[in-house]
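The structure presented is a predicted model; accordingly, all values stated were derived computationally and were not measured. The figures that follow rest on heavy atoms only: side chains count, while hydrogens, waters and symmetry mates do not.
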Amino acid sequence: MDTTKPKFYALDMFPYPSGAGLHVGHPLGYIASDIVSRYKRLNGYNVLHPMGFDAFGLPAEQYAIQTGQHPAITTAENLARYKEQLNRIGFSFDWSREVQTCDPNYYKWTQWIFIQLFESWYNVKSDKAESIDQLISIFEIEGNINVAHHGDEAKSFTAEQWEQFSPMEKSNILQSYRLAFQKETTVNWCEELGTVLANDEVKDGLSERGGYPVTQKLMKQWYLRITAYSDRLLEGLNHIDWSDSIKEMQRNWIGRSEGALMTFSLETQYKGEEDKNSNLKSNLLAPSIQVFTTRPDTIFGCTFMVLAPDHEFVSQITSEDQRAAVEAYSHKAANKSERERMMSKEVSGVFTGGYAIHPFTNKKLPIYISEYVLSGYGTGAIMAVPAHDDRDHAFAKKFGLDIIQVISADEEIDVQEKSYDAKEGRLMNSENFDRLTVKEGIQAIIQLAEERGFGEKKVNYKLRDAGYSRQRYWGEPFPIIYKEGVPTVDYDLPVSLPEVKSYKPTGTGESPLASNMEWVNTSNGQRETDTMPGYAGSSWYFLRYMDPNNNEAFAGKESLEYWNQVDLYIGGTEHATGHLLYSRFWTKFLYDLGYLNFDEPFKKLVNQGMIQGESMLLNVGDRELHIPVELANKDATITIQKLEELKAKDNRFENLDISLLDNQNGLISLRTQVEKMSKSKYNVVNPDDVCDDYGADTLRLYEMFLGPLEDSKPWSTKGIDGTHRFLKKLWALFYNQDGEQVWDESEPSKDSLKTLHKTIKKISEDIDNFSFNTSVAQFMICVNELGSQNCYSKAILEKVLVILAPFAPHITEELWNKIGNAGFILDAAWPVFDESLLIESTKEYPISVNGKARTTIEFPLDMAKDEIEKAVLSNEIVQKWLEGKAPKKVIVVPGKIVNVVV
RNA sequence: GCUCUGGUGGUGGAAUUGGUAGACACGCAGGACUUAAAAUCCUGUUCCUUUUUUGGAGUGCGGGUUCAAGUCCCGCCCGGAGCACCA
């Protein structure tokens with residue numbers, strides 16, 4: 001490969017090969033990236049345009065559970081079908097670089113990256129990931145007193161103490177530093193799937209895949225410390241060319257908010273029996289409660305406090321007479337599923353009987369528990385300011401608590417009726433802080449709180465560490481062996497996925513791998529039996545394409561340096577907060593370790609819209625049934641005959657009495673509905689069928705012509721004849737209906753050169769702007785014009801073929817060879833655009849009077865402005881419109897318009 | 001509720017960022033070729049008005065800036081997507 005040439009890396013989000021095969025929506029983005037790839041190749045770039053498969057995942061496994069067939073077999077079958085379908089459409093993928101995430105030669109490196117994460121920690125001082133061995137040497141020299149890290153809080157210890165710790169204690173301490181670590185927490189547990197899910201795999205309290213209920217469960221799980229990268233993930237968004245909406249989604253997901261931690265001391269302290277078995281001070285008494293707030297300026301309006309029902313201090317601050325009520329409420333809350341909790345908007349809560357002391361006013365503040373405070377965010381406790389927070393206001397109303405206004409508003413407001421949440425106005429009822437603006441108040445109150453030692457500035461994030469354990473079979477095994485309970489690394493990669501008797505999760509929280517004892521028990525200890533989640537393999541696959549067969553590294557240094565960032569990444573928005581965030585995280589991590597010289601993986605991201613299906617619905621009285629779209633006619637009707645055939649083989653129609661349906665001349669009308677393509681809606685359109693009917697080039701052109709790449713649009717074959725007709729017209733410029741040659745070696749006419757160069761210009765611009773629908777329109781204009789000019793000149797036609805080649809590779813390649821050119825059309829060069837051919841000597845100006853267009857006059861383009869002015873004013877029609885009035889002003893926009901203002 | 005998007009003919013959609021709105025295509029209507037159909041080609045097609053002439057209105061609604069607004073500003077209405085007790 002000639003590495004002195006410029007490079008271009010065009011990538012598609014690799015598909016998960018499901019059993020259903022491709023539908024016409026899948027190729028949309030692939031066609032676009034293929035056009036750009038071919039265009040760049042014609043322009044002299046080395047283009048990396050690979051394809052592969054995200055092959056680990058739940059559907060194959062669920063199919064395996066049902067049928068007992070090994071997921072590897074079904075995956076291989078599906079994959080072969082996908083490839084066949086893709087090849088039919090004529091993509092220029094470099095299949096020699098194909099990756100499959102379930103291939104041991106691939107997941108070997110997924111496991112290797114996991115090991116790097118396990119053996120790294122995040123040093124806040126250098127603001128990057130560093131080796132855990134260096135951290136251990138620091139511990140050995142000076143303990144952890146000077147270590148600033150991103151991670152869980154660790155007790156401080158000295159070098160001597162570190163020396164004394166047992167291997168298990170050391171391991172536990174290191175877990176709070178490692179970037180891949182274990183932690184016991186409440187997790188999203190899906191009973192039906194028998195596994196834990198990450199936050200972004202849960203939608204509306206249901207599993208994204210399957211739609212099963214998700215509950216909270218306490219389990220020991222692997223996590224990746226993505227939170228260490230929160231700020232860098234946020235900051236990096238400013239330097240990449242992605243759509244605003246995706247950037248915004250990531251910003252919201254990371255959810256940075258600036259505020260303060262405030263400490264409220266407690267009035268009541270623990271009076272129960274001491275827990276002798278615990279040496280944790282907090283179990284004996286809770287001296288104070290910390291809250292996170294973004295509005296420290298409203299602290300004087302705080303009239304009560306609320307804790308999450310599962311906050312660690314709840315039982316200690318609860319008074320005896322309130323204990324039964326509090327426990328009942330907590331119990332109920334804990335057993336609610338995520339979905340139930342989100343469904344009920346009802347205000348609920350219980351008074352604990354405990355009181356906190358307001359740090360400024362020393363007033364007693366009752367402490368409540370309520371579901372509206374989440375234990376996972378901030379400190380799991382809030383200072384409630386009902387006058388200036390909508391939720392606190394609702395709570396105060398329900399429980400009859402005080403509402404004190406501390407921020408004044410411009411308009412007339414009554415905080416007893418409605419809270420005033422805007423961050424505008426001046427402080428009031430706030431002692432010395434009165435009259436300060438909100439902004440000043442926030443500063444001043446934090447400052448004083450810091451001086452007095454009960455508060456500090458604090459940045460909070462919504463982003464959680466990413467759960468990395470799945471109790472599943474069809475995924476990457478962890479390269480981890482427990483030696484007397486201590487997790488240690490197995491460097492002998494790959495750790496291959498073993499055979500098991502059953503793929504079914506045990507339901508007890510153990511993965512199917514646990515049943516293969518021979519595999520689990522090694523001479524060094526027991527293997528980790530969970531597997532990695534779906535996003536593991538997809539978080540770095542774009543790097544493997546650069547050097548897919550490397551056995552020494554995940555990719556070689558030269559390859560990584562040459563191919564560098566993905567220049568263009570095309571895919572759907574469904575991965576906005578999952579895959580795209582994890583990939584950015586892994587890239588930054590590998591950058592920190594020095595393996596990459598870029599820390600954002602995808603320079604430009606384009607999200608193609610979804611192609612929806614048009615469902616055909618048959619009204620059968622009480623309900624509607626989906627009719628397979630291929631049986632319906634174009635005008636949304638179906639013949640009785642076809643309906644009878646359908647009834648015979650589809651049991652959904654068993655009880656249908658066709659004679660009762662309203663029929664007109666043997667046709668029954670159907671209702672159409674645009675919705676997502678899916679098997680169950682019988683509205684899937686297979687690209688193979690379109691290729692059969694019209695050919696792959698028509699499919700490619702039509703999908704591009706449908707509208708802007710980024711818009712969602714329903715699939716409809718209504719306009720497909722237009723693009724097909726275009727290709728026939730193109731062919732007719734070379735050969736007539738009888739197959740006789742009509743192209744010739746004649747000198748191109750001036751007009752045809754003009755048409756050609758206009759097209760070269762427009763197509764180049766359009767591809768750069770991802771405006772493929774207008775490119776197709778331009779090709780149609782080009783062919784129509786050449787046709788009416790009777791242009792059959794080979795010199796023109798072969799250039800047209802080259803610029804059309806990225807869009808319609810099959811027909812252009814065929815004609816390219818037919819007219820006597822050897823070799824691939826992709827090895828040709830993009831024609832050079834000659835501006836001089838387009839320059840016209842005269843131009844028709846629209847002439848308007850007071851902004852209304854009245855007539856047009858032709859002028860030489862190089863005519864001076866004042867000459868044009870004179871000519872316009874002496875024009876008959878203009879004079880008639882002026883009716884003798886003197887013009888105030890004449891505006892001449894060169895090449896555009898002349899406007900006379902009266 | 002918050003954030004991001006978008007609203008243009010019968011339909012999908014154009015409009016070089018303030019310069020003749022409706023490119024291109026579908027559909028529809030009329031015509032040519034044909035015994036006929038298909039295919040192909042030609043003409044017309046924003047709406048209202050009108051004798052083909054001609055006017056007038058028009059880019060979700062209401063204001064504004066400008067010689068000139070689909071495009072910019074202010075206030076509404078509607079659709080799509082995402083987030084959603086995040087303190």
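- The side chain of A/Lys896 lies closest to B/U16, out of B/A87, B/G13, B/U16.
- Closest contact between the side chain of A/Ile382 and the listed nucleotides B/C24, B/G19, B/A87 involves B/A87.
- Residue A/Arg295 places no side-chain N or O under 4.0 Å from the OP1 or OP2 atom of B/A87.
- Taking the salt bridge (Lys or Arg N to Asp or Glu O under 4.0 Å) definition, one finds that A/Glu785 meets it with A/Lys758, sequence neighbours left out.
- Of the candidate nucleotides B/C83, B/G82, B/G13, B/G13 has the atom lying nearest to any side-chain atom of A/Lys713.
- No contact: A/Val776 has no heavy atom under 4.0 Å from any strand.
- Following rounding to the nearest Å, A/Lys889 (NZ) and B/U66 (C1') show an atom-to-atom distance of 9 Å.
- Straight-line distance between the C1' atoms of B/G64 and B/U51: roughly 42 Å, to the nearest whole Å.
- Listed by chain and number, the residues in a salt bridge (Lys or Arg N to Asp or Glu O under 4.0 Å) with A/Lys754 amount to none (sequence neighbours excluded).
- Taking the C1' atoms as reference points, B/A14 lies 15 Å from B/C26, given to the whole Å.
- Ranking B/C67, B/G82, B/A23 by closeness to the A/Met249 side chain, first place goes to B/G82.
- For A/Arg251, the salt bridge (Lys or Arg N to Asp or Glu O under 4.0 Å) test picks out A/Glu248, with sequence neighbours left out.
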Review item, side-chain donor-acceptor pairs of residues 708-715 of chain A, under 3.5 Å, at least two apart:
unit_1: A/Ser712; atom_1: OG; unit_2: A/Met610; atom_2: N; d: 3.1
unit_1: A/Lys713; atom_1: NZ; unit_2: A/Pro708; atom_2: O; d: 2.7
unit_1: A/Lys713; atom_1: NZ; unit_2: A/Asp711; atom_2: O; d: 3.2

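- In this structure, the nucleotide among B/G19, B/A14, B/C24 sitting nearest to the side chain of A/Pro708 is B/A14.
- At B/A87, none of the side-chain N or O atoms of A/Asn460 fall inside 4.0 Å of OP1 or OP2 (strictly under the cut-off).
- The closest donor-acceptor contact from the side chain of A/Glu740 to the backbone of A/Tyr735 lies at 3.5 Å or more, if one exists at all.
- Rounded to a whole angstrom, the distance from the P atom of B/U8 to that of B/G79 is 14 Å.
- Distance from the side chain of A/Glu248 is smallest to B/C4 among B/A15, B/U20, B/C4.
- Counting to the nearest Å, the P atom of B/G82 and the NE2 atom of A/His575 are 14 Å from each other.
- Using modelled atom types and a 3.5 Å distance limit, the side chains of A/Asp389 and A/Ser419 yield no donor-acceptor pair.
- Comparing the same atom, C1', in B/C41 and in B/U34 gives a spacing of 13 Å after rounding to whole Å.
- Atom P of nucleotide B/G80 and atom CG of A/Asp711 are separated by 15 Å, given to the nearest angstrom.
- Between A/Tyr694 and A/Thr717, the side chains place no donor N or O within less than 3.5 Å of an acceptor N or O (distance only, hydrogens not considered).
- Base orientation for B/G63: anti, the chi torsion being more than 90° from 0.
- Within 4.0 Å of A/Asp392, counting heavy atoms only, lies no atom of the nucleic acid at all.
- Taking 4.0 angstrom as the limit, A/Asn784 places a side-chain polar atom (N or O) nearer than this to OP1 or OP2 of B/A25.
- A/Ile781 has its CD1 atom 11 Å from the C1' atom of B/A25, to the nearest Å.
- Per the geometry, CD belonging to A/Glu614 stands 15 Å off P belonging to B/U11, to the nearest Å.
- Among the heavy atoms of the strands, none lies under 4.0 Å from A/Lys458.
- Taking all atoms of both residues into account, the shortest heavy-atom contact from A/Leu837 to A/His757 is CD1-CD2, 3.2 Å.
- Comparing the P positions of B/G27 and B/C73 gives an interatomic distance of 39 Å, to the nearest angstrom.
- Nucleotides B/U5 and B/A38, compared at atom C1', are 45 Å apart to the nearest Å.
- Proximity of the aromatic rings of A/Phe304 and A/Phe399 is defined here by a centroid distance below 6.0 angstrom, and this criterion is not met.
- Atom name P, nucleotides B/A23 and B/U45: the rounded distance is 10 Å, in whole Å.
- With B/C26, B/C24, B/A87 as the choices, the nucleotide that has an atom nearest any side-chain atom of A/Lys718 turns out to be B/C26.
- To the nearest angstrom, P of B/U40 lies 10 Å from CD of A/Gln737.
- Taking atom CZ of A/Phe770 as the reference point, atom P of B/A14 lies 16 Å away to the nearest angstrom.
- At B/C26, one or more side-chain N or O atoms of A/Arg725 fall inside 4.0 Å of OP1 or OP2 (strictly under the cut-off).
- When each of B/A87, B/U20, B/A15 is scored by its nearest atom to the side-chain atoms of A/Thr774, the top-ranked nucleotide is B/A15.
- Each of A/Asp244 and A/Thr293 was assigned the nucleotide of RNA chain B with the nearest heavy atom; the assignment lying further toward the 5' end belongs to A/Asp244.
- At least one donor-acceptor pair under 3.5 Å links the side chain of A/Thr379 to the backbone N or O of A/Gln290.
- B/C24 and B/G18 have their P atoms separated by 25 Å, with the value rounded to a whole Å.
- Of the candidates B/C67, B/C24, B/C85, B/C85 carries the atom nearest the A/Leu374 side chain, counting heavy atoms from C-beta on.
- Spacing between atom CD1 of A/Ile720 and atom C1' of B/C24 amounts to 16 Å, rounded to whole angstrom units.
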Taking Watson-Crick (N1-N3 plus N6-O4 or O6-N4) and G-U wobble (N1-O2, O6-N3), each under 3.5 Å, can you produce the dot-bracket string of RNA chain B? Use [ ] for crossing pairs and | for inter-strand ones.
(((((((..(((......[....)))((((((.......))))))(((......)))..(((((..]....))))))))))))....
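- Within the nucleic acid shown, A/Ile891 comes within 4.0 Å of at least one base atom, counting heavy atoms only.
- Between A/Lys728 and B/U40 there is a side-chain N or O to OP1 or OP2 distance below 4.0 Å.
- Sequence order on RNA chain B of the closest nucleotides to A/Asn899 and A/Ser245 puts A/Ser245 first from the 5' end.
- When distances are taken from the side chain of A/Thr294 to each of B/A87, B/G19, B/C67, the shortest belongs to B/A87.
- With sequence neighbours left out, the ring pair (Phe, Tyr, Trp, His ring centres under 6.0 Å) criterion links A/Phe454 to A/Phe360.
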